[in-house]
Amino acid sequence: GVSCLTGEGVQDFLTSLAEIVKRQYGADEREPALVTRARHVQHLTACVKALDAFVELAQLGDGAPLDIATEELRTAVNELGKITGRVD
């Protein structure tokens, strides 16, 4: 699981998410992922922005506003879903 209170699982979550994106776009250590559709770039940028906000909130530990942190994760997932077709 991922905890905003303790920060537990945040790094594992981000690492797993990065692996999924690498597999989706065929990236490896020699060649970065190439995103050619402007729509995908827009959604990936929004996803990264939401994840960055989540990480900042998670670093607050016990003082993290859980509702906002959760919303940032939801935003990130929805943005990826718009690329994969799982979200309209």
Side-chain angles (χ1 to χ4, degrees):
V2 177
S3 171
C4 291
L5 290 176
T6 66
E8 181 182 348
V10 171
Q11 191 56 51
D12 290 340
F13 169 76
L14 294 175
T15 300
S16 296
L17 182 60
E19 289 300 316
I20 291 167
V21 171
K22 285 179 185 178
R23 279 195 309 271
Q24 179 78 20
Y25 290 99
D28 61 29
E29 288 76 31
R30 297 169 306 200
E31 185 177 325
L34 178 62
V35 181
T36 58
R37 293 187 176 148
R39 179 178 74 82
H40 289 183
V41 171
Q42 178 185 7
H43 292 304
L44 286 173
T45 299
C47 175
V48 169
K49 181 179 175 185
L51 289 173
D52 285 343
F54 170 78
V55 169
E56 285 183 30
L57 291 169
Q59 290 172 345
L60 295 175
D62 290 342
L66 296 179
D67 55 338
I68 297 172
T70 302
E71 188 59 34
E72 294 297 349
L73 282 179
R74 186 184 344 268
T75 297
V77 168
N78 285 339
E79 291 298 331
L80 286 179
K82 290 174 183 176
I83 295 170
T84 63
R86 293 187 179 186
V87 175
D88 293 331

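One distance of note links CZ of F54 with OG1 of T70; it measures 7.5 Å at 0.5 Å rounding. Going from atom CG of N78 over to atom CG of L73 covers 11.0 Å, rounded to the nearest 0.5 Å.
Annotation: salt bridge (charged side-chain N to carboxylate O under 4.0 Å, His left out) contacts of E71 (sequence neighbours excluded): R74.
At a threshold of 4.5 Å between side-chain heavy atoms, the hydrophobic network of Ile, Leu, Val, Met, Phe, Trp and Tyr places V55 and F13 in one connected group.
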Result block: side-chain N/O donor-acceptor pairs under 3.5 angstrom for residues 43-52, not counting sequence neighbours:
residue	atom	partner	partner atom	Å
H43	ND1	E79	OE1	2.7
T45	OG1	V41	O	2.7

